[in-house]
Amino acid sequence: MHDIDPFFKRMGEENAFAVLARATALAAEGRDIVNLGIGQPDFPTPEHIVEAAVKALRDGAHGYTPANGLLVTREAVSRRIHAMTGQAVSPEAIMITPGGKPAMFAAILMFGGPGAQIVYPDPGFPIYRSMIEATGATPVPLPMRAKNGFAVNADELAALVSDRTRLVIVNSPGNPTGGVTPRAEIAKLVGVLERHPDVAILSDEIYDVMVYDGAAHTSLLEFPALRERLIVLNGWSKTWAMTGWRLGWSVWPEPLYDAVRKLAVNCWSCVNAAAQHAGIAAVDGPQDDVETMLAAFDERRRFMVERLNAIEGVTCATPKGAFYAFADISATGWKSKDLAHALLEEAGVALIGGPDFGVHGEGFVRVSYANSLANIERALDRVEAFLTRS
């Protein structure tokens, strides 16, 4: 058999799934494992959303849907975008995808390739760098620094953009850090990008509603100067606890839309009908369950940060968004991935080492507070006990 294309050899992985698999295997052996590693809400999908999918199936929504999504789903997303940002986005600019990753895949595939440079947040979602490298492009890490609250720094971005830069990726609120970039810095970032009119932008806004302490999410859709080269990624997974439904949306400028539609035809064909009807119920229906979930995350966030900072050798800035804390463990003397491995195998606590999120992640671990307060307390007690005796 011939060798596979180098594209696949260059492709990396998302280690959170490997940690989840190992934690699951240990639990199957009878070990008591507390998982603070995986990035998904621990709440069920709200009942009215589930019922909308059930009704759609009973009503016969069993066939193919358009590659870009049902018109009624795209219209619902258009309404949601207007409600959240005040911006009018045509349903004809919206793609419905099986989760958020296809939008990343498509954008990076479009603008990657040998000779290209793509700027991405680091520490950041690992699939950014994985896909950049897979295409043969050069990944250019934009540091997310604790001293800046893990926000984008527009001046640092300006220094990294070159005549080889084809795409800039922005993520706020951010994974893995929980950083939220303030509106004033977003405006500066827009000013930088206006000086580079040939550079496309991918704005990953999947955590847009998950902000705390008076912080506010600023969508790049609010800046008309970028609209003709702006791709916005969002979806249902986090906000409505729908990770397993595989349902995302993205906004594309007109020159790129047909290209991503053709990718859908060639790759995933379409998104299943029942999930799309559930998505309509999510964006148009009551948001009480979302508010309850966010209140719980906020309470856990405050508890986790206080508890982490009480552990000798650990410091943790207060995240302003998402549902992760990015704790500095450099003073413990441990390397990040070594500590994450030891905590899972010896203390029964799953979390993710910072280097799994980029070259600037060493010295940190990502700890998810998408788990109960009781489990968070139990896990951090184990972390403290382990570090005390190690």
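Every value quoted in this text rests on a predicted model; they were computed, and no experiment measured them.
Each of Val77, Val251, Val232 was checked for a side-chain contact (heavy atoms from CB on, under 4.5 Å) with Val89, and the lone residue meeting it is Val251. Checking Tyr324, Phe323, Tyr369 one by one against Arg301, the side-chain contact (heavy atoms from CB on, under 4.5 Å) holds for a single residue, Tyr369.
Taking CG of Asp298 as the reference point, atom CG of Asp213 lies at 6.5 Å (rounded to 0.5 Å).
Looking at Trp245 and Gln276, their side chains never bring a donor and an acceptor atom within 3.5 Å of each other. Counted by atom type alone, Glu92 and Ser90 present zero donor-acceptor pairs between their side chains at under 3.5 Å. Judged by distance alone, the side chains of Arg366 and Asn175 do bring a donor and an acceptor atom under 3.5 Å apart.
Two rings, from Trp334 and Phe386, have their centers less than 6.0 Å apart.
For the residue pair Val19 and Ala350, the shortest heavy atom distance occurs at CG1-CB, 3.9 Å.
More than 12 heavy-atom neighbours from other residues, nucleotides or ligands sit within 6.0 angstrom of CD on Glu194. Shown here is Glu13, whose CD atom has no more than 12 heavy atoms of other residues, nucleotides or ligands within 6.0 Å.
No side-chain heavy atom of Lys188 sits under 4.5 Å from any side-chain heavy atom of Leu157. Residues Asp32 and Arg378 meet the side-chain proximity criterion, which asks for heavy atoms closer than 4.5 Å. The shortest side-chain heavy-atom distance between Val152 and Pro121 does not fall under the 4.5 Å cut-off.
Salt-bridge formation is detected for the pair Asp381/Arg307: a Lys NZ or Arg NE/NH1/NH2 atom is positioned less than 4.0 Å from an Asp or Glu carboxylate oxygen. Using a 4.0 Å cut-off between a side-chain N of Lys or Arg and a carboxylate O of Asp or Glu, Arg80 and Asp208 do not qualify as a salt bridge. Under a 4.0 Å N-O distance rule, the pair Glu346/Arg389 does not qualify as a salt bridge.
Taking the six-membered ring for Trp and thresholds of 30 and 60 degrees, Tyr128 and Phe125 have ring planes more than 60 degrees apart, a perpendicular arrangement.
A chain of hydrophobic side-chain contacts below 4.5 Å, direct or via other Ile, Leu, Val, Met, Phe, Trp or Tyr residues, connects Tyr257 to Leu220.
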